[in-house]
Amino acid sequence: MTHKESDYYNCKEVSLKNVVTEPLIVENKNFVIRQILLNLCYKERIQPNIYFNTSGFSLSYKLCKEGKGNTISMDFIFEDMKDKSLRKIPFQEHPMWNVAIVYRKDCFLSDNMKKLIQFSCEWCKILN
């Protein structure tokens, strides 16, 4: 997510190598998205310019809106926050978030659990 003063505001896509030239606002170590960012930076041999570590998405969005830096988020959170002054711009590197559903093979699954598993699998296919 980026703010109007960012050099990347009008880009359709941006490389992580470019994004780290501006301050980043990221969630703290309790958020998976932070680890995805750090792993990608490590793989690309990039040092992220972390301006601020937050305890949640709301503060990340607020600081981004104030022009303090860019932030990293998921599409569905961006849609939920509905802030017209911010833009979401995908990474050229297309980072992935691995998910898994684990259950015992011999365990009874209620109809609701089967529906949840089916919904989750279909939703993940759409995201790819």
Side-chain angles (χ1 to χ4, degrees):
M1 304 306 133
T2 190
H3 53 91
K4 289 182 179 180
E5 292 83 33
S6 170
D7 290 340
Y8 309 108
Y9 188 80
N10 292 312
C11 294
K12 290 185 180 189
E13 198 175 61
V14 68
S15 171
L16 184 63
K17 291 176 184 176
N18 296 118
V19 169
V20 297
T21 63
E22 294 187 0
L24 281 172
I25 301 154
V26 296
E27 283 73 28
N28 66 32
K29 64 183 180 182
N30 296 322
F31 290 80
V32 173
I33 197 160
R34 176 192 179 86
Q35 196 57 48
I36 292 170
L37 168 70
L38 295 178
N39 287 343
L40 190 55
C41 286
Y42 178 78
K43 184 194 273 187
E44 298 289 329
R45 293 188 167 112
I46 299 169
Q47 182 66 38
N49 180 9
I50 298 176
Y51 166 75
F52 193 78
N53 294 293
T54 71
S55 59
F57 294 109
S58 296
L59 184 53
S60 294
Y61 277 69
K62 181 178 187 223
L63 292 171
C64 185
K65 184 177 178 176
E66 292 175 1
K68 304 293 186 195
N70 298 312
T71 191
I72 298 169
S73 187
M74 286 81 61
D75 288 348
F76 67 92
I77 293 176
F78 178 81
E79 301 302 330
D80 190 48
M81 299 298 262
K82 295 180 183 162
D83 191 315
K84 293 182 183 188
S85 69
L86 300 178
R87 284 200 62 227
K88 67 177 178 178
I89 303 171
F91 283 118
Q92 291 172 349
E93 293 84 1
H94 302 288
M96 298 297 290
W97 186 324
N98 295 322
V99 296
I101 298 175
V102 180
Y103 59 94
R104 289 180 49 161
K105 193 189 286 190
D106 60 345
C107 189
F108 170 78
L109 292 175
S110 68
D111 287 340
N112 286 339
M113 283 305 298
K114 289 177 188 176
K115 288 177 184 176
L116 174 64
I117 292 169
Q118 180 182 359
F119 171 80
S120 300
C121 291
E122 289 173 5
W123 192 64
C124 287
K125 285 178 186 175
I126 290 169
L127 295 177
N128 283 330

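Just the heavy atoms: all of them, side chains too, but no hydrogens, waters or symmetry mates, feed the values below.
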Between Thr21 and Lys17, the two heavy atoms sitting closest are CG2-O, 3.8 Å
Is Tyr103 reachable from Met113 through a run of I, L, V, M, F, W or Y residues, each pair having side-chain heavy atoms under 4.5 Å apart?
-> yes
Mind checking whether Leu24 and Leu38 sit in one hydrophobic cluster, side chains of I, L, V, M, F, W, Y counted as touching below 4.5 Å?
-> yes
Return the orientation label for the Tyr61 and Phe78 ring planes: parallel under 30°, perpendicular over 60°, tilted otherwise.
-> tilted
Would you indicate whether the side-chain heavy atoms of Val20 and Gln47 approach each other to under 4.5 Å?
-> no
Is Val26 close to Thr54 at the side-chain level, that is, under 4.5 Å between some pair of heavy atoms?
-> no
Within the side chain of Glu27, is there an N or O that forms a donor-acceptor pair under 3.5 Å with the backbone of Ile33?
-> no
Any side-chain donor-acceptor pair under 3.5 Å between Asn70 and Thr2?
-> yes
Roughly how far apart are Phe52 CZ and Ser60 OG, rounded to 0.5 Å?
-> 8.5 Å
Spacing of Lys84 atom NZ and Lys4 atom NZ [to the nearest 0.5 Å] | 11.0 Å
Could you tell me whether a side-chain N or O of Glu93 sits under 3.5 Å from a main-chain N or O of Leu40, the two making a donor and an acceptor?
-> no
Within a reach of under 6.0 Å around NZ of Lys43, are more than 12 heavy atoms found that belong to other residues, nucleotides or ligands?
-> no
OG1/Thr71 to NZ/Lys62 distance, rounded to the nearest 0.5 angstrom?
-> 14.0 Å
Non-hydrogen side-chain atoms of Phe57 and Asp80 separated by less than 4.5 Å | no
Here the pair of heavy atoms bringing Pro90 nearest to Lys12 is CD-O, 3.3 Å
Please name the pair of heavy atoms, one in Ile25 and one in Cys64, separated by the smallest distance, quoted to 0.1 Å.
-> CD1-N, 3.7 Å
Group every Ile, Leu, Val, Met, Phe, Trp and Tyr by side-chain heavy-atom contacts under 4.5 Å, then state whether Ile50 and Val14 land in the same group.
-> yes
From Ser15 OG over to Glu44 CD, what is the distance, rounded to the nearest 0.5 angstrom?
-> 7.0 Å
Sole residue of Asn28, Asn39, Asn53 in side-chain hydrogen bond (donor to acceptor under 3.5 Å, both in side chains) with Arg34 = Asn53
For Met1 and Ser73, work out which heavy atoms get closest and say how close.
-> CE-CB, 3.7 Å
Which atoms form the tightest heavy-atom contact between Glu5 and Gly67, and what is the distance?
-> OE1-CA, 3.8 Å
Where Lys68 and Tyr51 come nearest, the two heavy atoms and their spacing = CB-CE2, 3.7 Å
Are Ile101 and Leu116 co-members of a hydrophobic cluster defined by side-chain heavy atoms under 4.5 Å apart?
-> yes
Linked, directly or transitively: Phe91 and Ile77 (ILVMFWY side chains, under 4.5 Å) | yes
